[in-house]
Undergrad: 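Mind having a look at this structure? Questions to follow.
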There are 2 protein chains.
Amino acid sequence: MKRTRTTTRKAPKRPATMAEVAVRAGVSAMTVSRALKSDGAVSEETRQRILAAVEELGYVLDLSAGALSSKRTGFVAALIPSINNSNFSDTARGITEAIEGQGLQMLLGYTDYDIDKEEQLVRAMLTRRPDGIIVTDGRHTPKARRMLQSAGIPVVETWDLPADPIDHVVGFSNAEASRALVHRLYQKGYRNIAFIGGASRRDTRGADRRLGYKRAVEELGLPVGRTISFGNPPISMQQGGEAIVQLIEQWPDVDAAVCVSDLSAFGAIMECHRRGWAVPGRIAVAGFGDFEVSRCSWPRITTVAVDCRNIGLEAGSVLLRAIDDIRDGRRPGPETLIVPFEVIEREST
Amino acid sequence: MKRTRTTTRKAPKRPATMAEVAVRAGVSAMTVSRALKSDGAVSEETRQRILAAVEELGYVLDLSAGALSSKRTGFVAALIPSINNSNFSDTARGITEAIEGQGLQMLLGYTDYDIDKEEQLVRAMLTRRPDGIIVTDGRHTPKARRMLQSAGIPVVETWDLPADPIDHVVGFSNAEASRALVHRLYQKGYRNIAFIGGASRRDTRGADRRLGYKRAVEELGLPVGRTISFGNPPISMQQGGEAIVQLIEQWPDVDAAVCVSDLSAFGAIMECHRRGWAVPGRIAVAGFGDFEVSRCSWPRITTVAVDCRNIGLEAGSVLLRAIDDIRDGRRPGPETLIVPFEVIEREST
DNA sequence: CTGTTAGCGCATTCAC
DNA sequence: GTGAATGCGCTAACAG
């Protein structure tokens with residue numbers, strides 16, 4: 001790395017305040033405030049004068065001051081397991097799309113699939129006094145749960161169907177989705193189906209998917225216990241490759257593998273190519289999440305699709321409604337929205 | 001989708017304030033403030049009493065109020081082109097890691113590769129009075145540039161080496177990296193090298209990579225103009241597949257394709273599999289960015305690797321230093337940090 | 001349509 | 001080691 005540094009600079013100037021704009025425009029600060037939010041009742045003439053002053057001074061509204069006085073920060077906190085997983089970043093996009101039109105801004109945090117880190121993040125987020133908060137998953141530390149309940153703001157749990165929701169829910173049952181996938185494989189004729197996933201503690205969605213798999217093979221009377229676990233979730237593409245090798249060594253008669261996500265499924269399939277194992281001829285492989293890589297890989301990968309962006313859009317609008325309800329003194333009960341999933345059969349099975 | 005709603009609820013209670021904690025602990029608000037930031041000089045006994053009161057009331061510090069009074073929000077704004085591109089989300093992770101130990105929090109925005117959206121986002125971010133801001137790229141609208149310059153906070157431009165930096169820089173030359181890749185392919189014996197990318201306006205890094213390609217083929221005396229452009233960046237995996245088909249139809253003698261990113265390279269390679277074109281036998285394919293998919297796909301994909309997380313880490317620490325400098329009244333000049341890139345040869349070439 | 005007054009919740013500054 | 005006064009920059013509420 002090469003590092004360069006040039007000469008010193010002049011002192012930065014303090015940004016202009018609303019009061020300074022007011023003086024320049026020959027009005028009161030309050031009128032400036034009104035002119036700057038479109039709803040304000042200000043004559044067109046003074047508004048123009050104010051906007052000119054704003055332009056000349058390079059004024060930018062200070063929302064952190066505004067928040068203190070209006071008691072609404074305009075923040076929506078969102079916690080996702082990982083920013084690097086496109087399923088969750090799609091949800092984050094959806095949240096942004098839902099709220100940005102309303103002048104709200106997202107405060108994003110990622111938990112690394114760790115509920116203790118989630119607790120820290122909840123505390124850090126509440127410190128910013130968001131108007132609402134969206135979390136992934138319905139499992140939290142007792143402290144985190146308590147903080148969320150007593151924050152006095154609406155909460156939306158997503159990507160899950162908690163048995164005992166904190167407040168609102170926008171999600172689906174990962175176990176049911178996984179179970180449906182195994183049933184579909186059964187219909188296609190597979191009779192010895194394995195599961196590849198991470199060690200379960202941290203990734204609760206992964207654990208639910210494993211549970212759904214387990215239920216399915218039991219109720220179908222298939223051989224049970226064909227499960228490969230690989231270190232800390234999220235299990236990577238590379239680990240998917242290692243896992244399928246281990247799987248085939250351990251149970252050579254397995255004819256299909258259900259992976260906890262498309263990423264591990266993809267890694268598994270590529271490793272099969274490398275070893276000359278035909279997919280689905282030697283072994284069928286399915287994933288979860290309908291990532292882009294599954295739609296383009298060769299073979300294309302059978303998966304469970306959920307509309308991730310839509311989870312974000314819906315969570316955002318549920319939250320917006322709840323925020324408005326609170327502001328206007330209404331108090332309807334919590335809402336639960338179950339989003340659909342779909343098993344998509346492709347070339348890999 | 002299934003929607004459920006239960007009965008009404010009771011009114012949410014307002015969160016406790018520092019003054020209430022103070023009353024309960026029998027001290028002044030100022031002492032509570034000091035007890036809550038570890039540096040504060042408070043006797044161990046009163047601190048315990050205060051922490052107990054905090055616990056009982058479920059008190060959470062209100063940073064938006066603290067920010068107003070201390071004139072430091074504790075926010076670092078970061079703008080990346082897309083939250084869905086793992087290169088940039090790795091950089092965002094790096095930024096988070098660099099700053100979270102210092103009690104700073106990231107405000108993330110994504111520009112969708114659009115400098116007009118960047119301008120809007122810069123304005124929106126400044127509205128939150130961040131203590132510093134990190135942007136991707138060195139190209140901005142004139143207004144955005146002016147806002148960044150006059151915000152009075154340190155700015156770091158990343159992922160690029162702007163000719164005329166606003167302030168600090170942590171980046172590399174995309175053109176040089178791309179050029180190095182073409183030279184490497186030349187050394188391997190390829191003599192008819194094409195480029196696959198998006199239409200250039202929006203993605204300036206993509207445009208730089210194309211420029212580096214162009215320079216390289218010119219200086220090597222190779223056939224020029226072998227370029228396929230595909231819609232709006234970022235070009236997807238799917239579009240990579242379509243592009244390579246178009247490429248081979250148009251110039252059947254091309255022996256290597258350089259893609260603007262690993263994602264399009266991957267899509268291209270998978271499409272080649274599908275059509276029975278051997279990679280690298282029929283055509284070699286290289287990407288850019290060293291995405292996970294390139295390390296696991298079959299064949300593994302030749303690419304240019306940049307340490308994305310490190311760009312974030314360095315950008316974060318440059319910014320931290322600059323923030324401290326300003327706070328302590330020092331005024332050193334802007335820093336420029338050139339991070340290395342590396343051409344990684346793999347099976348696809 | 002516009003101005004005045006007051007105060008949001010905290011940290012800075014200066015006392016003690 | 002602790003407290004009191006003051007103000008950060010803005011907006012709610014009311015008055016005109």
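The sequence lines fix the lettering, A, B, ..., with proteins before strands; numbering per chain opens at 1.
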Undergrad: Which pairs with one or both residues in residues 146-157 of chain B pass side-chain hydrogen bond (donor to acceptor under 3.5 Å, both in side chains), sequence neighbours excluded?
TA: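 Checked against side-chain hydrogen bond (donor to acceptor under 3.5 Å, both in side chains) - neighbours excluded - the pairs reaching residues 146-157 of chain B are B:His140-B:Glu157.
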Undergrad: Taking salt bridge (Lys or Arg N to Asp or Glu O under 4.0 Å) as the definition, give me every residue that meets it alongside A:Glu100, ordered by chain and number, with sequence neighbours left out.
TA: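 Checked A:Glu100 against salt bridge (Lys or Arg N to Asp or Glu O under 4.0 Å); zero matches.
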Undergrad: Anything under 4.0 Å to a heavy atom of chain B counts; send over the first and last such nucleotide of DNA chain C, read 5' to 3'.
TA: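 Extent of the interface on DNA chain C: C:dG9 to C:dT12.
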Undergrad: Would you check if the side chain of B:Glu314 reaches a backbone N or O of B:Ile311 as a donor-acceptor pair within less than 3.5 Å?
TA: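 Not a single qualifying donor-acceptor pair exists.
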Undergrad: Can you pull out every ring pair (Phe, Tyr, Trp, His ring centres under 6.0 Å) where at least one residue sits in residues 56-77 of chain A? Sequence neighbours excluded, please.
TA: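 Sorted pair list: A:Phe75-B:Phe75.
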Undergrad: Any base atoms under 4.0 Å from B:Met30, or only sugar-phosphate, or nothing? Heavy atoms, all strands.
TA: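 Answer is base: heavy atoms of B:Met30 come under 4.0 Å of a base.
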Undergrad: Note down the inter-axis angle between the two ends of the helix from C:dC1-D:dG16 to C:dC16-D:dG1, five pairs each, to the nearest 10°.
TA: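 Its terminal axes enclose an angle near 30°.
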Undergrad: Between B:Thr141 (side chain) and B:Asp116 (backbone), is there a donor-acceptor pair under 3.5 Å?
TA: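 No: the side chain of B:Thr141 does not pair with the backbone of B:Asp116.
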Undergrad: Which nucleotide of DNA chain D is the first, and which the last, in the 5' to 3' direction, to come under 4.0 Å of a heavy atom belonging to chain A?
TA: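 So the outermost contacting nucleotides come out as D:dG9 to D:dA13.
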Undergrad: If only atom types and distance count, is the side chain of A:Thr136 paired as donor or acceptor with the main-chain N or O of A:Thr158 below 3.5 Å?
TA: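 Checked: no pair found.
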Undergrad: Donor-acceptor pair, A:Thr31 side chain versus A:Val27 backbone, under 3.5 Å?
TA: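 No, A:Thr31 side chain to A:Val27 backbone: no donor-acceptor pair under 3.5 Å.
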Undergrad: Do any of residues 19-29 of chain A sit with a heavy atom less than 4.0 Å from DNA chain C, and if so which?
TA: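 Within this stretch, A:Val27, A:Ser28 sit under 4.0 Å of the strand.
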Undergrad: For B:Leu68 and B:Thr46, take the nucleotide of DNA chain D holding the closest heavy atom to each; which residue's nucleotide lies nearer the 5' end?
TA: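 Its nearest nucleotide being more 5', the pick is B:Thr46.
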Undergrad: Donor-acceptor pair, distance only, cut-off 3.5 Å: does the side chain of B:Asp160 make one with the backbone of B:Gly138?
TA: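 The answer is yes, because a donor-acceptor pair under 3.5 Å joins these two groups.
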Undergrad: Under the side-chain hydrogen bond (donor to acceptor under 3.5 Å, both in side chains) rule, collect the residues that match up with B:Ser33, sequence neighbours excluded.
TA: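 For B:Ser33 there are no side-chain hydrogen bond (donor to acceptor under 3.5 Å, both in side chains) partners, ignoring immediate neighbours.
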Undergrad: Taking only residues two or more places apart in sequence, or in another chain, which ones meet A:Asp131 in a salt bridge (Lys or Arg N to Asp or Glu O under 4.0 Å)?
TA: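 None.
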Undergrad: Is the backbone N or O of B:Val155 less than 3.5 Å from a side-chain atom of B:Asp167, with the two atoms forming a donor-acceptor pair by type?
TA: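 Yes.
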Undergrad: Kindly check if the number of other-residue, nucleotide or ligand heavy atoms within 6.0 Å of CZ (B:Arg139) is above 12?
TA: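 Count not over threshold, so no.
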Undergrad: Only pairs at least two apart or in different chains count here, so list each salt bridge (charged side-chain N to carboxylate O under 4.0 Å, His left out) that has a residue in residues 49-69 of chain B.
TA: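 The answer is A:Arg129-B:Asp62, B:Arg24-B:Glu56.
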Undergrad: Which residues in residues 119-130 of chain A have a heavy atom closer than 4.0 Å to any atom of DNA chain C?
TA: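 None - not one residue of the stretch has a heavy atom sitting under 4.0 Å from the strand.
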Undergrad: Using the salt bridge (Lys or Arg N to Asp or Glu O under 4.0 Å) criterion, which residues pair with A:Lys117? Sequence neighbours excluded.
TA: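 By the salt bridge (Lys or Arg N to Asp or Glu O under 4.0 Å) rule, A:Lys117 matches A:Asp112.
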Undergrad: Go through it in stages, so that I can follow the logic: the residues are B:Arg321 and B:Glu335, the test is salt bridge (charged side-chain N to carboxylate O under 4.0 Å, His left out), and I'd like the CA-CA distance, side-chain angles, deciding distance and then a yes or no.
TA: CA-CA 10 Å; B:Arg321 241 172 293 145; B:Glu335 216 171 313; 2.9 Å; yes
